[in-house]
Protein chains: 2
Amino acid sequence: LQKQQRSEETHARILEVASECFATRGYEATGVAEICEAAGISKGAFYHHFAAKHDVFLELMRRWLDTLDTLFEEMRSQTGSVPDALISMAQVIRHLSQTDRKQLLIFLEFWNQAARDPQIAQAALAPMRRYQDYFAGMIDAGIAEGSFQPVDSRTIAQIIVALGLGLIVQSLVHPDAADWEAVSREAIVRTLAGLTTLDASPELAQVSVDK
Amino acid sequence: LQKQQRSEETHARILEVASECFATRGYEATGVAEICEAAGISKGAFYHHFAAKHDVFLELMRRWLDTLDTLFEEMRSQTGSVPDALISMAQVIRHLSQTDRKQLLIFLEFWNQAARDPQIAQAALAPMRRYQDYFAGMIDAGIAEGSFQPVDSRTIAQIIVALGLGLIVQSLVHPDAADWEAVSREAIVRTLAGLTTLDASPELAQVSVDK
């Protein structure tokens with residue numbers, strides 16, 4: 001049992017140290033040898049836990065995406081209509097800016113490597129598809145509940161994913177340029193405004209009335 | 001004169017080779033020694049043209065941004081109203097997918113490095129501010145010409161920049177998932193629809209009528 005605990009600690013330590021190295025120096029510039037040295041472990045111990053540096057990177061991303069999923073589910077459960085749930089998701093930007101900047105650096109590094117490394121591209125496609133499916137499902141649910149007019153939910157989902165990615169990148173590089181949560185909220189409201197039926201959320205109805 | 005021509009050729013050759021190396025192996029993993037070897041030049045020749053690897057990277061980005069500016073200006077000059085000009089800019093996504101994928105890889109690498117290296121962050125801020133200003137100026141011009149209602153042009157500009165960034169990243173990682181030009185067009189139309197006055201472009205009026 002003690003041995004298992006030690007093994008779990010080593011696993012966690014590798015992830016922590018690798019996260020630091022990837023964020024500070026970049027994925028390409030970080031070698032397994034450096035991770036081992038910083039973690040104070042042998043290469044044998046490293047390869048007991050991970051087949052390659054690549055797998056550490058993917059596990060870090062997976063954990064980050066799990067955190068995001070939890071955030072989304074929490075917001076979804078706290079709101080009523082689908083439009084309100086989507087608008088409340090603008091808060092994710094604030095949560096992200098409060099979380100470890102390291103995580104966000106690794107997120108950027110992930111897209112960067114995905115465009116270059118076919119294995120990482122496969123791993124990047126999975127969450128992108130998942131988010132496209134997730135938001136398409138929400139739009140479909142909004143149509144079903146009568147909040148939205150019939151619409152191509154896949155395209156709207158791709159627009160929402162694009163907004164999310166673009167707002168994260170902008171807020172990372174230019175954190176003080178705006179209240180990024182407010183910009184995100186406005187972006188979602190504007191995207192959804194044209195979709196709503198008259199009995200949708202008051203905030204969206206307001207945008208329609210402003211027209 | 002011959003000497004000057006040779007010097008210009010070397011300069012161009014460094015940029016070409018470095019672009020290839022950064023795209024294939026990544027910015028961090030590429031050293032000046034490798035660029036020199038691939039370009040068939042001495043380190044002395046390299047440092048005659050560039051103070052550091054960093055400066056090659058920045059010049060590549062600057063050239064890429066100049067190409068984008070030219071595209072935007074062409075589209076602007078070929079359209080009438082500001083809303084129509086903004087919608088036509090969705091074509092940029094198609095132009096980008098037809099240009100060298102290497103350029104786009106370097107673009108991703110740029111944001112990645114910007115989040116890590118303060119000097120590159122400064123260099124990344126400049127074009128981001130420029131595009132925010134550019135689109136805010138267009139929205140203001142749209143208000144002035146009577147196409148848009150009075151609105152916070154800065155926020156709309158940040159939403160447009162976010163869409164651009166997010167659509168480029170998605171289309172790079174997932175090129176076959178959608179007609180990305182059509183998605184971009186839809187994204188811009190949806191963002192602008194709530195802003196337009198009744199006498200704005202027919203396409204936007206259509207979206208308003210669809211409501």
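Chain letters run A, B, ... following the sequence lines, proteins first and then strands; every chain starts at 1.
- Contact residues of residues 128-139 of chain B toward chain A are Met128(B), Arg129(B), Gln132(B) (heavy-atom distance under 4.5 Å).
- Counting non-hydrogen atoms of other residues, nucleotides and ligands closer than 6.0 Å to CD of Glu145(A) gives a total above 12.
- Thr191(A) approaches Arg190(B) most closely through the heavy-atom pair O-CD, 3.5 Å.
- Of all residues in residues 52-63 of chain A, none places a non-hydrogen atom less than 4.5 angstrom from a non-hydrogen atom of chain B.
- Residue Ala177(A) touches chain B through both its backbone and its side chain, counting heavy-atom pairs closer than 4.5 Å.
- For Thr24(A), the part sitting under 4.5 Å from any heavy atom of chain B is the backbone (N, CA, C, O) and nothing else.
- By the salt bridge (charged side-chain N to carboxylate O under 4.0 Å, His left out) test, Glu28(A) pairs with no residue at all, sequence neighbours left out.
- Annotation: residues 153-162 of chain B contacts chain A through Thr155(B), Ile156(B), Gln158(B), Ile159(B), Val161(B), Ala162(B) [non-hydrogen atoms, separation under 4.5 Å].
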